There are 2 protein chains.
Amino acid sequence: MDKLLREKEILEAAVKIFAQYGYKKATVDDVASRAGMTKGNLYFFFRSKKELYERTVRYGLQNWRDSIASAIREIGLVEERFYVMALRAYEYLDNHEDLRAVVEKDPAIFSLSPDEDRFHDINLGAMDIMRDILNQGVVSGVFYPMDVNHMTEFLFSVYIMFLIRAYVKSEGSSVSTMYREGLLMMMRGLCRNGFSAPPETA
Amino acid sequence: MDKLLREKEILEAAVKIFAQYGYKKATVDDVASRAGMTKGNLYFFFRSKKELYERTVRYGLQNWRDSIASAIREIGLVEERFYVMALRAYEYLDNHEDLRAVVEKDPAIFSLSPDEDRFHDINLGAMDIMRDILNQGVVSGVFYPMDVNHMTEFLFSVYIMFLIRAYVKSEGSSVSTMYREGLLMMMRGLCRNGFSAPPETA
DNA sequence: ATATTGACTTTTTTACCATAATAGTCAATA
DNA sequence: TATTGACTATTATGGTAAAAAAGTCAATAT
(Lines give C-alpha, C1' and ligand atoms only; values in the text may rest on other atoms or scores of the structure.)
Protein backbone atom coordinates (compact mmCIF):
# COMPACT_ATOMS: atom_id res chain seq x y z
CA MET A 1 0.00 0.00 0.00
CA ASP A 2 2.23 2.79 -1.19
CA LYS A 3 -0.48 4.52 -3.14
CA LEU A 4 0.08 7.67 -1.09
CA LEU A 5 3.76 7.56 -1.93
CA ARG A 6 3.00 7.21 -5.62
CA GLU A 7 0.64 10.16 -5.40
CA LYS A 8 3.36 12.19 -3.79
CA GLU A 9 5.72 11.28 -6.61
CA ILE A 10 3.15 12.48 -9.09
CA LEU A 11 2.71 15.72 -7.16
CA GLU A 12 6.47 16.29 -7.22
CA ALA A 13 6.44 15.80 -10.98
CA ALA A 14 3.39 18.00 -11.34
CA VAL A 15 4.83 20.96 -9.48
CA LYS A 16 7.82 20.95 -11.81
CA ILE A 17 5.65 20.86 -14.92
CA PHE A 18 3.17 23.45 -13.69
CA ALA A 19 6.04 25.66 -12.58
CA GLN A 20 7.49 25.53 -16.07
CA TYR A 21 4.36 25.83 -18.21
CA GLY A 22 1.52 27.03 -16.01
CA TYR A 23 -1.81 25.27 -15.69
CA LYS A 24 -3.09 25.84 -19.20
CA LYS A 25 0.01 25.03 -21.23
CA ALA A 26 0.95 22.01 -19.15
CA THR A 27 -0.59 18.78 -20.39
CA VAL A 28 -1.53 15.75 -18.36
CA ASP A 29 0.75 13.78 -20.65
CA ASP A 30 3.65 16.04 -19.62
CA VAL A 31 3.07 15.31 -15.97
CA ALA A 32 2.52 11.60 -16.51
CA SER A 33 5.68 11.09 -18.50
CA ARG A 34 7.72 13.15 -16.01
CA ALA A 35 6.35 10.84 -13.32
CA GLY A 36 7.36 7.85 -15.45
CA MET A 37 3.90 6.60 -16.33
CA THR A 38 1.19 7.05 -18.93
CA LYS A 39 -1.72 9.43 -18.81
CA GLY A 40 -4.22 6.60 -18.40
CA ASN A 41 -2.48 5.49 -15.26
CA LEU A 42 -2.30 8.99 -13.84
CA TYR A 43 -6.08 9.07 -14.02
CA PHE A 44 -6.06 6.08 -11.71
CA PHE A 45 -4.73 8.43 -9.02
CA PHE A 46 -6.39 11.72 -9.92
CA ARG A 47 -9.86 12.33 -11.30
CA SER A 48 -9.03 15.28 -13.51
CA LYS A 49 -6.37 17.76 -14.50
CA LYS A 50 -8.06 20.33 -12.30
CA GLU A 51 -7.90 18.07 -9.26
CA LEU A 52 -4.27 17.28 -9.99
CA TYR A 53 -3.47 20.96 -10.07
CA GLU A 54 -5.35 21.78 -6.92
CA ARG A 55 -3.71 18.94 -5.05
CA THR A 56 -0.34 20.14 -6.29
CA VAL A 57 -0.85 23.68 -5.04
CA ARG A 58 -2.39 22.43 -1.80
CA TYR A 59 0.63 20.27 -1.21
CA GLY A 60 2.90 23.27 -1.64
CA LEU A 61 0.84 25.52 0.60
CA GLN A 62 0.61 22.91 3.33
CA ASN A 63 4.36 22.48 3.40
CA TRP A 64 4.65 26.24 3.66
CA ARG A 65 2.32 26.43 6.61
CA ASP A 66 3.96 23.47 8.36
CA SER A 67 7.37 25.01 7.84
CA ILE A 68 6.29 28.22 9.57
CA ALA A 69 4.55 26.38 12.38
CA SER A 70 7.69 24.43 13.23
CA ALA A 71 9.92 27.50 12.86
CA ILE A 72 8.16 29.31 15.69
CA ARG A 73 7.34 26.36 17.92
CA GLU A 74 10.35 26.83 20.20
CA ILE A 75 10.06 30.60 20.59
CA GLY A 76 9.00 31.65 24.07
CA LEU A 77 8.13 35.33 23.82
CA VAL A 78 4.77 35.86 22.19
CA GLU A 79 5.76 39.09 20.45
CA GLU A 80 8.87 37.48 19.04
CA ARG A 81 6.81 34.50 17.89
CA PHE A 82 4.57 36.84 15.95
CA TYR A 83 7.46 38.78 14.50
CA VAL A 84 9.39 35.73 13.36
CA MET A 85 6.27 34.20 11.89
CA ALA A 86 5.61 37.33 9.86
CA LEU A 87 9.14 37.48 8.49
CA ARG A 88 9.66 33.79 7.83
CA ALA A 89 6.31 33.30 6.15
CA TYR A 90 7.04 36.26 3.94
CA GLU A 91 10.49 35.01 2.93
CA TYR A 92 9.48 31.41 2.34
CA LEU A 93 9.11 31.63 -1.44
CA ASP A 94 12.70 32.85 -1.78
CA ASN A 95 13.82 29.28 -1.20
CA HIS A 96 11.02 27.50 -3.01
CA GLU A 97 11.40 28.30 -6.66
CA ASP A 98 8.90 25.84 -8.03
CA LEU A 99 6.02 26.97 -5.87
CA ARG A 100 6.95 30.54 -6.58
CA ALA A 101 6.86 29.94 -10.33
CA VAL A 102 3.46 28.32 -10.04
CA VAL A 103 2.19 31.30 -8.10
CA GLU A 104 3.60 33.76 -10.62
CA LYS A 105 1.74 32.01 -13.41
CA ASP A 106 -1.49 31.79 -11.42
CA PRO A 107 -1.77 34.93 -9.28
CA ALA A 108 -5.30 34.02 -8.25
CA ILE A 109 -3.79 31.43 -5.89
CA PHE A 110 -3.45 34.37 -3.53
CA SER A 111 -6.81 35.97 -3.17
CA LEU A 112 -7.68 38.80 -0.85
CA SER A 113 -11.35 37.86 -0.67
CA PRO A 114 -12.26 34.59 1.05
CA ASP A 115 -15.12 33.78 -1.32
CA GLU A 116 -12.93 33.72 -4.39
CA ASP A 117 -10.07 31.92 -2.69
CA ARG A 118 -9.83 28.36 -4.00
CA PHE A 119 -7.48 27.45 -1.18
CA HIS A 120 -9.30 29.19 1.58
CA ASP A 121 -9.30 26.09 3.80
CA ILE A 122 -5.52 26.11 3.86
CA ASN A 123 -5.37 29.82 4.48
CA LEU A 124 -7.74 29.31 7.36
CA GLY A 125 -5.13 26.98 8.82
CA ALA A 126 -2.49 29.65 8.42
CA MET A 127 -4.77 32.21 10.01
CA ASP A 128 -5.31 29.86 12.94
CA ILE A 129 -1.62 30.04 13.72
CA MET A 130 -1.77 33.82 13.67
CA ARG A 131 -4.94 33.95 15.71
CA ASP A 132 -3.47 31.71 18.39
CA ILE A 133 -0.52 34.02 18.81
CA LEU A 134 -2.72 37.09 19.01
CA ASN A 135 -4.91 35.39 21.59
CA GLN A 136 -1.95 34.42 23.73
CA GLY A 137 -0.63 37.95 23.49
CA VAL A 138 -3.92 39.46 24.59
CA VAL A 139 -4.57 37.13 27.52
CA SER A 140 -0.99 37.47 28.74
CA GLY A 141 -1.29 41.24 28.57
CA VAL A 142 1.63 41.61 26.17
CA PHE A 143 -0.68 42.84 23.41
CA TYR A 144 -3.33 45.50 23.63
CA PRO A 145 -6.90 44.31 23.95
CA MET A 146 -8.44 43.82 20.50
CA ASP A 147 -11.03 42.01 18.45
CA VAL A 148 -8.77 39.07 17.69
CA ASN A 149 -10.79 37.75 14.77
CA HIS A 150 -10.94 41.02 12.93
CA MET A 151 -7.31 41.75 13.69
CA THR A 152 -6.32 38.34 12.36
CA GLU A 153 -8.15 39.00 9.12
CA PHE A 154 -6.63 42.44 8.87
CA LEU A 155 -3.09 41.27 9.40
CA PHE A 156 -3.49 38.28 7.13
CA SER A 157 -4.77 40.53 4.35
CA VAL A 158 -1.77 42.78 4.71
CA TYR A 159 0.53 39.77 4.63
CA ILE A 160 -1.10 38.33 1.50
CA MET A 161 -1.01 41.69 -0.24
CA PHE A 162 2.71 42.00 0.26
CA LEU A 163 3.24 38.44 -0.89
CA ILE A 164 1.44 39.36 -4.08
CA ARG A 165 3.50 42.47 -4.57
CA ALA A 166 6.79 40.76 -3.83
CA TYR A 167 6.35 37.45 -5.63
CA VAL A 168 3.45 37.68 -8.04
CA LYS A 169 4.31 41.12 -9.34
CA SER A 170 8.01 40.57 -8.63
CA GLU A 171 8.55 44.06 -7.33
CA GLY A 172 11.64 42.94 -5.50
CA SER A 173 13.53 44.33 -2.58
CA SER A 174 11.85 47.71 -2.19
CA VAL A 175 8.66 45.92 -1.27
CA SER A 176 10.53 43.88 1.32
CA THR A 177 11.93 47.02 2.89
CA MET A 178 8.46 48.47 3.02
CA TYR A 179 7.10 45.30 4.54
CA ARG A 180 9.68 45.28 7.31
CA GLU A 181 9.14 48.97 8.05
CA GLY A 182 5.39 48.40 8.25
CA LEU A 183 5.80 45.30 10.34
CA LEU A 184 7.79 47.16 12.99
CA MET A 185 5.11 49.84 13.12
CA MET A 186 2.41 47.21 13.51
CA MET A 187 4.37 45.43 16.22
CA ARG A 188 4.35 48.69 18.16
CA GLY A 189 0.62 48.91 17.53
CA LEU A 190 0.17 45.45 19.02
CA CYS A 191 2.55 45.51 21.99
CA ARG A 192 1.61 47.41 25.12
CA ASN A 193 5.18 47.82 26.28
CA GLY A 194 6.77 48.77 23.01
CA PHE A 195 8.69 46.65 20.56
CA SER A 196 12.07 46.80 18.95
CA ALA A 197 13.40 44.36 16.42
CA PRO A 198 15.41 41.48 17.90
CA PRO A 199 18.93 41.02 16.52
CA GLU A 200 19.16 39.11 13.23
CA THR A 201 18.98 35.35 13.66
CA ALA A 202 20.59 33.65 10.70
CA MET B 1 -13.19 80.32 -24.47
CA ASP B 2 -15.35 77.78 -22.70
CA LYS B 3 -13.66 74.79 -24.23
CA LEU B 4 -12.68 73.59 -20.78
CA LEU B 5 -16.29 73.86 -19.69
CA ARG B 6 -17.44 71.84 -22.70
CA GLU B 7 -14.84 69.20 -21.90
CA LYS B 8 -16.12 69.03 -18.38
CA GLU B 9 -19.65 68.51 -19.67
CA ILE B 10 -18.41 65.65 -21.80
CA LEU B 11 -16.62 64.14 -18.83
CA GLU B 12 -19.80 64.32 -16.78
CA ALA B 13 -21.65 62.52 -19.56
CA ALA B 14 -18.84 60.02 -19.92
CA VAL B 15 -18.74 59.02 -16.29
CA LYS B 16 -22.43 58.18 -16.43
CA ILE B 17 -22.05 56.07 -19.55
CA PHE B 18 -18.90 54.28 -18.37
CA ALA B 19 -20.52 53.68 -15.00
CA GLN B 20 -23.45 52.00 -16.70
CA TYR B 21 -21.70 49.97 -19.38
CA GLY B 22 -18.02 49.82 -18.56
CA TYR B 23 -15.23 50.80 -20.92
CA LYS B 24 -15.69 48.07 -23.49
CA LYS B 25 -19.47 48.09 -23.88
CA ALA B 26 -19.77 51.85 -23.84
CA THR B 27 -19.52 53.41 -27.29
CA VAL B 28 -18.24 56.83 -28.16
CA ASP B 29 -21.62 57.48 -29.76
CA ASP B 30 -23.28 56.79 -26.40
CA VAL B 31 -21.16 59.39 -24.70
CA ALA B 32 -21.50 61.92 -27.50
CA SER B 33 -25.27 61.74 -27.64
CA ARG B 34 -25.53 61.91 -23.85
CA ALA B 35 -23.43 65.07 -24.07
CA GLY B 36 -25.77 66.35 -26.78
CA MET B 37 -23.38 66.23 -29.70
CA THR B 38 -22.18 63.90 -32.40
CA LYS B 39 -19.25 61.56 -32.28
CA GLY B 40 -17.31 63.59 -34.82
CA ASN B 41 -17.50 66.62 -32.59
CA LEU B 42 -16.45 64.70 -29.53
CA TYR B 43 -13.25 63.86 -31.35
CA PHE B 44 -12.63 67.57 -31.57
CA PHE B 45 -12.17 67.51 -27.79
CA PHE B 46 -10.64 64.10 -27.22
CA ARG B 47 -8.19 62.20 -29.38
CA SER B 48 -9.50 58.72 -28.74
CA LYS B 49 -11.90 56.64 -26.69
CA LYS B 50 -8.98 55.61 -24.53
CA GLU B 51 -8.04 59.19 -23.77
CA LEU B 52 -11.66 60.04 -23.02
CA TYR B 53 -11.83 57.20 -20.54
CA GLU B 54 -8.58 58.07 -18.85
CA ARG B 55 -9.55 61.71 -18.53
CA THR B 56 -12.87 60.63 -17.07
CA VAL B 57 -11.30 58.46 -14.42
CA ARG B 58 -8.64 61.06 -13.72
CA TYR B 59 -11.31 63.66 -13.19
CA GLY B 60 -13.03 61.42 -10.65
CA LEU B 61 -9.83 60.58 -8.82
CA GLN B 62 -8.75 64.21 -8.65
CA ASN B 63 -12.06 65.24 -7.12
CA TRP B 64 -11.59 62.46 -4.60
CA ARG B 65 -8.16 63.65 -3.61
CA ASP B 66 -9.25 67.29 -3.44
CA SER B 67 -12.21 66.36 -1.30
CA ILE B 68 -9.96 64.65 1.23
CA ALA B 69 -7.44 67.46 1.20
CA SER B 70 -10.08 70.02 2.08
CA ALA B 71 -11.71 67.76 4.66
CA ILE B 72 -8.57 67.69 6.78
CA ARG B 73 -7.29 71.20 6.14
CA GLU B 74 -8.78 72.64 9.32
CA ILE B 75 -7.74 69.87 11.66
CA GLY B 76 -5.03 70.91 14.09
CA LEU B 77 -3.80 67.70 15.70
CA VAL B 78 -1.57 65.75 13.38
CA GLU B 79 -2.71 62.34 14.58
CA GLU B 80 -6.34 63.31 14.13
CA ARG B 81 -5.56 64.64 10.67
CA PHE B 82 -4.13 61.28 9.71
CA TYR B 83 -7.00 59.37 11.26
CA VAL B 84 -9.71 61.44 9.60
CA MET B 85 -7.92 61.26 6.26
CA ALA B 86 -7.78 57.48 6.48
CA LEU B 87 -11.47 57.16 7.30
CA ARG B 88 -12.81 59.78 4.93
CA ALA B 89 -10.77 58.61 1.97
CA TYR B 90 -11.95 55.09 2.60
CA GLU B 91 -15.63 56.05 2.78
CA TYR B 92 -15.59 58.42 -0.18
CA LEU B 93 -17.00 55.97 -2.72
CA ASP B 94 -20.08 55.41 -0.56
CA ASN B 95 -21.37 58.77 -1.75
CA HIS B 96 -20.04 58.64 -5.30
CA GLU B 97 -21.97 55.94 -7.05
CA ASP B 98 -20.81 56.69 -10.58
CA LEU B 99 -17.13 56.54 -9.83
CA ARG B 100 -17.71 53.46 -7.76
CA ALA B 101 -19.49 51.73 -10.63
CA VAL B 102 -16.65 52.61 -12.98
CA VAL B 103 -14.17 51.16 -10.54
CA GLU B 104 -16.19 47.98 -10.09
CA LYS B 105 -16.17 47.41 -13.83
CA ASP B 106 -12.46 48.19 -14.15
CA PRO B 107 -10.71 46.91 -11.03
CA ALA B 108 -7.32 47.64 -12.53
CA ILE B 109 -7.93 51.32 -11.78
CA PHE B 110 -6.64 50.43 -8.34
CA SER B 111 -3.30 48.81 -8.71
CA LEU B 112 -0.99 47.78 -5.93
CA SER B 113 2.13 48.04 -8.06
CA PRO B 114 3.19 51.47 -9.29
CA ASP B 115 4.44 50.23 -12.65
CA GLU B 116 1.09 48.83 -13.70
CA ASP B 117 -0.88 51.74 -12.29
CA ARG B 118 -2.28 53.82 -15.15
CA PHE B 119 -3.13 56.61 -12.72
CA HIS B 120 0.02 56.56 -10.72
CA ASP B 121 0.56 60.29 -11.09
CA ILE B 122 -2.70 60.96 -9.28
CA ASN B 123 -1.95 58.40 -6.62
CA LEU B 124 1.36 60.11 -6.10
CA GLY B 125 -0.59 63.25 -5.28
CA ALA B 126 -2.65 61.35 -2.76
CA MET B 127 0.49 59.89 -1.28
CA ASP B 128 1.93 63.37 -0.95
CA ILE B 129 -0.88 64.31 1.39
CA MET B 130 -0.17 61.27 3.51
CA ARG B 131 3.57 61.84 3.46
CA ASP B 132 3.16 65.43 4.60
CA ILE B 133 1.16 64.34 7.60
CA LEU B 134 3.67 61.67 8.51
CA ASN B 135 6.50 64.16 8.20
CA GLN B 136 4.78 66.69 10.42
CA GLY B 137 4.07 63.96 12.96
CA VAL B 138 7.68 62.87 13.05
CA VAL B 139 9.24 66.33 13.30
CA SER B 140 6.75 67.39 15.99
CA GLY B 141 7.55 64.23 17.95
CA VAL B 142 3.94 63.02 17.93
CA PHE B 143 4.87 60.05 15.76
CA TYR B 144 7.71 57.63 16.24
CA PRO B 145 10.79 58.18 14.10
CA MET B 146 10.43 56.28 10.83
CA ASP B 147 11.44 56.08 7.20
CA VAL B 148 8.64 58.33 6.01
CA ASN B 149 8.82 57.33 2.36
CA HIS B 150 8.63 53.63 3.00
CA MET B 151 5.95 54.10 5.61
CA THR B 152 3.89 56.17 3.18
CA GLU B 153 4.10 53.45 0.58
CA PHE B 154 3.22 50.82 3.13
CA LEU B 155 0.19 52.65 4.44
CA PHE B 156 -0.99 53.62 1.00
CA SER B 157 -0.82 49.99 -0.10
CA VAL B 158 -2.89 48.91 2.85
CA TYR B 159 -5.41 51.62 2.09
CA ILE B 160 -5.69 50.66 -1.59
CA MET B 161 -6.03 47.00 -0.72
CA PHE B 162 -8.98 47.66 1.53
CA LEU B 163 -10.56 49.89 -1.08
CA ILE B 164 -10.33 46.98 -3.48
CA ARG B 165 -11.85 44.58 -1.02
CA ALA B 166 -14.64 46.92 -0.01
CA TYR B 167 -15.63 48.41 -3.35
CA VAL B 168 -14.21 46.32 -6.15
CA LYS B 169 -14.98 42.97 -4.59
CA SER B 170 -17.95 44.43 -2.73
CA GLU B 171 -17.24 42.51 0.44
CA GLY B 172 -19.26 45.00 2.43
CA SER B 173 -19.33 45.91 6.06
CA SER B 174 -17.12 43.19 7.52
CA VAL B 175 -14.21 44.63 5.58
CA SER B 176 -14.97 48.08 6.97
CA THR B 177 -14.95 46.75 10.51
CA MET B 178 -11.63 45.11 9.82
CA TYR B 179 -10.25 48.30 8.34
CA ARG B 180 -11.23 50.35 11.37
CA GLU B 181 -9.80 47.79 13.77
CA GLY B 182 -6.56 47.73 11.82
CA LEU B 183 -6.45 51.49 11.57
CA LEU B 184 -6.63 51.91 15.33
CA MET B 185 -3.81 49.42 15.76
CA MET B 186 -1.70 51.27 13.22
CA MET B 187 -2.45 54.62 14.87
CA ARG B 188 -0.99 53.16 18.07
CA GLY B 189 1.98 52.00 16.04
CA LEU B 190 2.50 55.53 14.79
CA CYS B 191 1.84 57.63 17.91
CA ARG B 192 4.42 57.82 20.65
CA ASN B 193 1.90 58.76 23.31
CA GLY B 194 -0.84 56.35 22.44
CA PHE B 195 -3.99 56.91 20.47
CA SER B 196 -7.67 56.42 21.08
CA ALA B 197 -10.41 57.08 18.56
CA PRO B 198 -11.93 60.54 18.80
CA PRO B 199 -15.72 60.69 19.22
CA GLU B 200 -17.74 60.30 16.02
CA THR B 201 -18.02 63.49 14.03
CA ALA B 202 -21.10 63.39 11.85
C1' DA C 1 -7.21 -6.83 -6.02
C1' DT C 2 -4.04 -3.05 -7.75
C1' DA C 3 -1.59 -0.85 -11.13
C1' DT C 4 -0.65 -0.04 -15.86
C1' DT C 5 -1.17 0.47 -20.79
C1' DG C 6 -2.65 2.22 -25.36
C1' DA C 7 -6.24 2.71 -28.28
C1' DC C 8 -10.43 5.02 -28.11
C1' DT C 9 -14.15 8.90 -27.49
C1' DT C 10 -15.29 13.45 -25.93
C1' DT C 11 -14.32 18.03 -25.01
C1' DT C 12 -11.72 22.16 -25.58
C1' DT C 13 -8.66 25.10 -28.09
C1' DT C 14 -7.10 27.14 -32.27
C1' DA C 15 -7.17 29.15 -36.66
C1' DC C 16 -9.59 30.89 -40.19
C1' DC C 17 -12.88 33.76 -42.41
C1' DA C 18 -16.95 36.49 -43.29
C1' DT C 19 -19.77 39.86 -41.24
C1' DA C 20 -21.20 43.27 -38.10
C1' DA C 21 -20.15 46.84 -34.92
C1' DT C 22 -17.55 50.44 -33.54
C1' DA C 23 -13.46 53.55 -33.57
C1' DG C 24 -11.59 57.16 -35.83
C1' DT C 25 -11.13 60.73 -40.14
C1' DC C 26 -12.20 64.64 -42.80
C1' DA C 27 -14.18 67.88 -46.21
C1' DA C 28 -18.04 70.80 -45.94
C1' DT C 29 -20.24 74.33 -43.22
C1' DA C 30 -22.52 77.02 -39.49
C1' DT D 1 -13.71 77.50 -33.46
C1' DA D 2 -17.19 74.20 -33.20
C1' DT D 3 -20.13 71.01 -35.44
C1' DT D 4 -21.96 67.61 -38.65
C1' DG D 5 -22.55 63.32 -41.31
C1' DA D 6 -20.77 60.55 -44.61
C1' DC D 7 -16.71 58.17 -45.07
C1' DT D 8 -12.70 54.61 -44.00
C1' DA D 9 -10.13 51.66 -40.84
C1' DT D 10 -10.02 48.79 -37.10
C1' DT D 11 -11.76 45.66 -33.83
C1' DA D 12 -15.19 42.45 -32.03
C1' DT D 13 -18.30 38.53 -33.08
C1' DG D 14 -19.99 34.23 -34.67
C1' DG D 15 -19.63 30.16 -37.17
C1' DT D 16 -16.85 26.20 -38.45
C1' DA D 17 -13.38 22.82 -39.53
C1' DA D 18 -9.09 20.95 -37.95
C1' DA D 19 -5.98 20.02 -34.22
C1' DA D 20 -4.90 19.19 -29.57
C1' DA D 21 -5.70 17.84 -25.30
C1' DA D 22 -8.80 15.83 -21.67
C1' DG D 23 -10.81 11.97 -20.14
C1' DT D 24 -12.51 6.64 -20.64
C1' DC D 25 -12.05 1.83 -20.62
C1' DA D 26 -11.34 -3.07 -21.91
C1' DA D 27 -7.34 -5.78 -21.83
C1' DT D 28 -3.47 -7.28 -19.16
C1' DA D 29 0.59 -7.50 -16.15
C1' DT D 30 1.97 -7.60 -11.27
Side-chain angles (χ1 to χ4, degrees), chain A residues 1-59 98 101-102 104-109 118-119, chain B residues 1-60 101-102 104-109 118-119:
Chain A
M1 173 50 93
D2 42 23
K3 192 176 180 187
L4 284 177
L5 181 68
R6 202 91 181 86
E7 282 184 13
K8 209 173 146 182
E9 281 172 13
I10 297 172
L11 291 177
E12 303 283 359
V15 74
K16 295 282 183 188
I17 296 296
F18 287 129
Q20 187 170 4
Y21 300 115
Y23 177 75
K24 220 180 151 184
K25 282 282 180 190
T27 71
V28 178
D29 270 316
D30 289 337
V31 177
S33 66
R34 169 129 198 165
M37 62 178 63
T38 59
K39 185 176 54 158
N41 193 32
L42 193 151
Y43 276 93
F44 179 75
F45 296 94
F46 297 91
R47 291 166 196 267
S48 67
K49 183 185 182 184
K50 195 152 177 278
E51 182 191 311
L52 172 63
Y53 181 69
E54 290 222 348
R55 291 278 307 276
T56 303
V57 176
R58 269 204 158 61
Y59 180 64
D98 288 334
V102 172
E104 277 174 0
K105 292 184 172 66
D106 181 9
I109 287 175
R118 285 172 287 164
F119 307 99
Chain B
M1 172 52 92
D2 43 24
K3 192 178 180 187
L4 284 177
L5 182 68
R6 203 89 181 89
E7 282 184 14
K8 207 173 148 182
E9 281 172 12
I10 296 172
L11 291 177
E12 302 283 359
V15 74
K16 296 282 184 189
I17 296 296
F18 286 130
Q20 187 170 2
Y21 299 115
Y23 177 75
K24 222 181 151 184
K25 282 283 180 189
T27 71
V28 178
D29 270 316
D30 290 336
V31 176
S33 67
R34 168 130 198 165
M37 63 177 63
T38 60
K39 185 175 54 156
N41 194 32
L42 193 151
Y43 276 94
F44 179 75
F45 296 94
F46 297 91
R47 290 165 196 267
S48 66
K49 183 185 181 185
K50 196 153 176 278
E51 183 191 310
L52 172 62
Y53 182 69
E54 290 220 348
R55 291 278 307 275
T56 303
V57 176
R58 268 204 159 62
Y59 181 63
V102 172
E104 278 174 359
K105 292 183 172 66
D106 181 8
I109 288 175
R118 285 173 286 164
F119 307 98

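Values in this document were obtained by computation on a predicted structure and should not be read as measured data.
- Here dC25(D) presents its P atom at 17 Å from CG of L42(A), a figure rounded to the nearest Å.
- Going from atom CG of N41(A) over to atom C1' of dT24(D) covers 14 Å, rounded to whole Å.
- Closest approach to the Y43(A) side chain among dT24(D), dT4(D), dT5(C) is made by dT24(D) (side chain taken as heavy atoms from C-beta onward).
- In this entry the distance linking CZ of R6(A) with P of dA1(C) reads 22 Å, nearest Å.
- Open room surrounds NZ on K16(B); 12 or fewer heavy atoms of other groups in view lie less than 6.0 Å from it.
- Spacing between atom CE of M37(A) and atom P of dT30(D) amounts to 16 Å, rounded to whole angstrom units.
- Judged by atom type and distance alone, K49(A) does not reach the base of dG23(D) through any side-chain donor-acceptor pair under 3.5 Å.
- Map G40(A) and F44(B) each onto its nearest nucleotide of DNA chain D; the residue landing nearer the 5' end is F44(B).
- Taking atom CD1 of residue I10(A) and atom C1' of nucleotide dA3(C), one finds them 11 Å apart after rounding to whole Å.
- Applying the side-chain contact (heavy atoms from CB on, under 4.5 Å) test between Y59(A) and each of E54(A), K8(A), E7(A) identifies K8(A) as the sole match.
- Between D106(B) and Y53(B) there is a side-chain heavy-atom pair separated by less than 4.5 Å.
- Rounded to an integer number of Å, the gap from Y53(B) OH to dG24(C) C1' is 20 Å.
- When distances are taken from the side chain of K39(A) to each of dA22(D), dA2(D), dA23(C), the shortest belongs to dA22(D).
- As a whole-Å value, the separation of E7(B) CD from dT3(D) P is 12 Å.
- There is a side-chain donor-acceptor pair under 3.5 Å between T27(A) and D30(A).
- Put simply, NZ on K50(A) is 13 Å from P on dT12(C), counting in whole angstrom units.
- A donor and an acceptor atom never sit less than 3.5 Å apart when one is taken from the side chain of K3(A) and the other from the base of dA3(C).
- At least one side-chain heavy atom of E9(B) sits less than 4.5 Å from a side-chain heavy atom of L5(B).
- Under the Watson-Crick or G-U wobble criterion, with both distances below 3.5 Å, dA27(D) is paired with dT4(C).
- Between Y23(A) and F18(A), the ring planes are parallel. Angles under 30° get that label, and only those over 60° would be called perpendicular.
- Pairing each heavy atom of E51(B) with each of F45(B), the nearest pair is OE2-O, 4.4 Å.
- Nucleotide dA30(C) forms a pair with dT1(D), judged by Watson-Crick or G-U wobble geometry with both contacts under 3.5 Å.
- Within a heavy-atom distance below 4.0 Å of DNA chain D, the residues of residues 21-35 of chain A found are A26(A), T27(A), V28(A).
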